[in-house]
Amino acid sequence: MTDEKIIETFWQRDEQAIQESNNKYGKYCYTIANNILHDREDSEECVNDTWLKAWLAIPPQRPMKLKWFFAKITRNLSLNKYKSKNANKRSNGEVSLILDELSECLSGSNEVESEYMAKELGNAVNIFVRSLPQRECNVFIRRYFYSEPISCIADRYGLTIHNTTVMLSRTRKKL
Amino acid sequence: MKNFNLYESFSFIDEDILEQSEQKSKKILMYNWKKWGTLVACCLIMIVAFVMPNLPTSSSPGKPQTNPDGNVKKYGVSDTDTPQPQDNTQASVDTQAGTKKHPASTTNTEDGAKKRPTNAIDETLTLSEAQKVKYLGAYMLSKGPSGFALESIQHYQDDTSNYLNGLWTKGGDSFDEISWRVSLYDETYANHITSVADTKNYDLSLYPFPLADSVPEELFGIVEHPIFHIEELTLDVVNRRAYSFDNDNDTNEIRMSFGVLYDDIVVEVTTKGISSKWLYEQLINLKNK
């Protein structure tokens, strides 16, 4: 079913929309969630919550591209779950490496309301990634939006792991 | 958790940027077709090469082709369009270990990714195999400190690079680790070499974090990763490379990152959660290799 038809099904409040969304984007959303959470049950729960969020959001929203719409919902849900699970203890996995990498980019500024900070930072990140050459931009996004392991990114773009690591390091410095 | 805020902010990335990142390099997709097409072509040629001579004819039975040395010619897959004959006496690579080697694929992505030669080595080794690698093996760390176990050692070699990369970790909930990389010196290291007298090139106590804000731009490369001559290395120098990071999600133990030059071998270390004294002793012990 095309995205337009799925969105129309959401608007008609037909629960078939959720089934079709799951058929088309279920695995994709699961991958995003699992890259963050590394837990099958939690990832599946986030994917299911994604369809619920979408059901509540459409209407009135009419996303241009369902794939990215779902991707962002899933990512946010996964991050929230990650935060709640790891508030008081350390965790393994890709996210801890990513947070370590991103620590290099931050100065010791005062604490700000976190939601406001995220959106403002988001605007700044958008401006920043648009200034990057396409390859650096793609690698950067795969790492910090999709939380993909460096080896997967290297495979995707035909780079070595070392090249990918160095590229990310240089891009973080620019950020 | 400021770094988490930054991580969250990526959710606001514009969708056209996400779409752009989804596309694999077209050259990789084309290469895959080339690779499989070449394989099929070679299989057909091999079938023809073996079947044709054995077809009953009035003349004598076909003989396998041989090269001037008398070795049977074999056709192998390369990343070029036509298969190239290989000699049976193809030279072995420097590892000398019986581990499996697979020729690295070659790709030339449209956004300018590095092209790997066909005879590149990219393999995982045990510690004993790594220690036998010519030139490099003698400088590989033989044992981590108490509580650390060897996780992996990678050996990569092509026309321009040759290195061993070992990783020791503490495991469990710990993020403590030691990355130990041994390479042949080349000119790319030249800008990172520093005398211990030039403390501005490596003393992290001179630069508050983040380094991107405090280190002068012209020094950033060397401060981030200095390389010392082994003759000049002291415990004090190692201590000046030590720093700790207050991070809820990671170890708060000290971290260090730098390189050491032994004649034409460079050992680069990146560590979390080990003492500078232990690290210094390991590096000094390699001095007489």
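Every chain is numbered from 1, with letters handed out A, B, ... down the list of sequences.
- Relative ring orientation between W51(A) and F70(A) is described as perpendicular, the plane-to-plane angle rising above 60° on a 0-90° scale split at 30° and 60°.
- When heavy atoms are compared at a cutoff of 4.5 Å, N165(B) does not approach chain A at all.
- Of the atoms belonging to Q154(B), not a single heavy atom falls under 4.5 Å from chain A.
- Side-chain atoms of Y157(A) and T164(A) form no donor-acceptor pair, as typed in the model, at a separation below 3.5 Å.
- Between I73(A) and K53(A), the shortest heavy-atom distance links the atoms CG2-CB, 3.7 Å.
- A cation-pi arrangement is found for K67(A) relative to Y28(A), the charged atom lying closer than 6.0 Å to the ring centre and inside a 45° cone about the ring normal.
- Only the side chain of I141(A) comes within less than 4.5 Å of a heavy atom of chain B; its backbone N, CA, C and O stay farther away.
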Indicate every side-chain donor-acceptor pair of residues 178-185 of chain B with a distance under 3.5 Å to a residue at least two apart or in another chain.
{"from": "W180(B)", "atom 1": "NE1", "to": "Y139(B)", "atom 2": "O", "distance (Å)": "2.8"}
{"from": "R181(B)", "atom 1": "NH1", "to": "H162(A)", "atom 2": "ND1", "distance (Å)": "3.4"}
{"from": "S183(B)", "atom 1": "OG", "to": "Y189(B)", "atom 2": "OH", "distance (Å)": "3.0"}

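- Taking non-hydrogen atoms and a 4.5 Å limit, the residue list of residues 4-12 of chain A in contact with chain B is empty.
- Not a single donor-acceptor pair under 3.5 Å links the side chain of K72(A) to the backbone N or O of E15(B).
- Relative orientation of the H192(B) and H225(B) rings is perpendicular, given thresholds of 30° and 60° on the angle between their planes.
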